[in-house]
J.: 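I'd like to ask you about the structure that follows.
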Amino acid sequence: MYTGQTERLALRSTISIARAGDAAFVVTVDDGTTRTVHDVTVTPQDVARYAPGMAAGRLVRASFQFLLEREPKEAILQRFELPTIERYFPEYPSKIRELL
């Protein structure tokens, strides 16, 4: 089970991920001044599509790295299903594989 992984990014943000159910994650992004909290749904089908063979938590972390390279944490939706990223960023499927 994937719980509590924290990642320090070059952008000086900390991404903390906690599993909140079978397909649910709570992601906190903290830049030392402010933090945002996001509820993300990631199904087994999402993992199979975007990151075959990877843990869902690893895909979530990489997805937030991807998002933070493109927008401030405050612009990231508070609640979303992982495929929503592709609607806003069509390059997501190919770029996420580079981050994994």
Side-chain angles (χ1 to χ4, degrees):
M1 178 183 270
Y2 185 88
T3 58
Q5 181 173 355
T6 301
E7 179 73 18
R8 174 69 67 181
L9 296 177
L11 300 172
R12 297 186 152 294
S13 290
T14 300
I15 300 172
S16 300
I17 303 168
R19 189 176 281 277
D22 289 341
F25 291 85
V26 175
V27 180
T28 303
V29 182
D30 189 330
D31 65 8
T33 305
T34 61
R35 71 178 180 171
T36 58
V37 179
H38 312 269
D39 296 318
V40 183
T41 301
V42 182
T43 66
Q45 294 81 8
D46 297 334
V47 175
R49 177 172 181 213
Y50 297 113
M54 297 287 174
R58 186 170 176 194
L59 175 58
V60 171
R61 181 185 54 78
S63 296
F64 270 78
Q65 284 181 281
F66 172 88
L67 290 169
L68 289 168
E69 289 173 358
R70 288 158 178 78
E71 61 186 358
K73 67 186 182 318
E74 294 82 8
I76 299 172
L77 298 171
Q78 289 182 353
R79 181 179 305 255
F80 63 96
E81 296 176 356
L82 197 73
T84 303
I85 297 171
E86 190 174 355
R87 286 194 317 206
Y88 292 93
F89 301 100
E91 73 276 18
Y92 173 73
S94 61
K95 294 293 184 181
I96 195 63
R97 289 181 184 97
E98 294 173 14
L99 292 173
L100 292 168

J.: Let me confirm one number: the OG1-CD distance from T41 to E81, rounded to the nearest 0.5 Å.
T.: 5.5 Å
J.: Is the shortest distance from a Lys or Arg side-chain nitrogen in D30 or R35 to a carboxylate oxygen in the other one below 4.0 Å?
T.: no
J.: Would you say V26 ends up clustered with L68 if hydrophobic residues are merged whenever their side chains have heavy atoms under 4.5 Å apart, either directly or through other cluster members?
T.: no
J.: Does CD belonging to Q78 count more than 12 external heavy atoms closer than 6.0 Å?
T.: no
J.: Is any side-chain heavy atom of L67 closer than 4.5 Å to a side-chain heavy atom of F89?
T.: yes
J.: Kindly give the heavy-atom pair with the smallest separation between E86 and Y92, and that separation in Å.
T.: CA-CB, 4.2 Å
J.: How long is the span from the CZ atom in R70 to the NZ atom in K95, to the nearest 0.5 Å?
T.: 7.0 Å
J.: Shortest non-hydrogen contact from I17 to G57?
T.: CD1-O, 3.8 Å
J.: What are the two closest heavy atoms between F25 and A56, and how far apart are they?
T.: CZ-CB, 3.7 Å
J.: Counting N and O atoms only, with roles assigned by atom type, does the side chain of R97 sit under 3.5 Å from a partner on the main chain of P93, one being a donor and the other an acceptor?
T.: yes
J.: Restricting to ring pair (Phe, Tyr, Trp, His ring centres under 6.0 Å), what partner residues turn up for Y88, sequence neighbours left out?
T.: none
J.: Write down the atom of A62, the atom of L99, and the distance for their closest heavy-atom approach.
T.: O-CD1, 3.5 Å
J.: Looking at OH of Y50 and CG of L82, how far apart are the two atoms once the value is rounded to the nearest 0.5 Å?
T.: 6.0 Å
J.: My understanding is that only one of T36, T28, D31 makes a side-chain hydrogen bond (donor to acceptor under 3.5 Å, both in side chains) with K73; could you say which?
T.: D31
J.: Do R61 and Q65 pair up side chain to side chain, a donor and an acceptor below 3.5 Å, judged on atom types alone?
T.: yes
J.: Could you label the plane-to-plane angle of the F64 and F80 rings as parallel, tilted or perpendicular, counting under 30° as parallel and over 60° as perpendicular?
T.: tilted
J.: According to a hydrophobic-cluster definition based on side-chain heavy atoms being under 4.5 Å apart (Ile, Leu, Val, Met, Phe, Trp, Tyr only), do V40 and V37 belong together?
T.: no
J.: Is there a side-chain contact between V27 and I76 (heavy atoms, below 4.5 Å)?
T.: no
J.: Check R58 against L100 and note the closest heavy-atom contact, atom names and distance.
T.: NH2-C, 3.4 Å
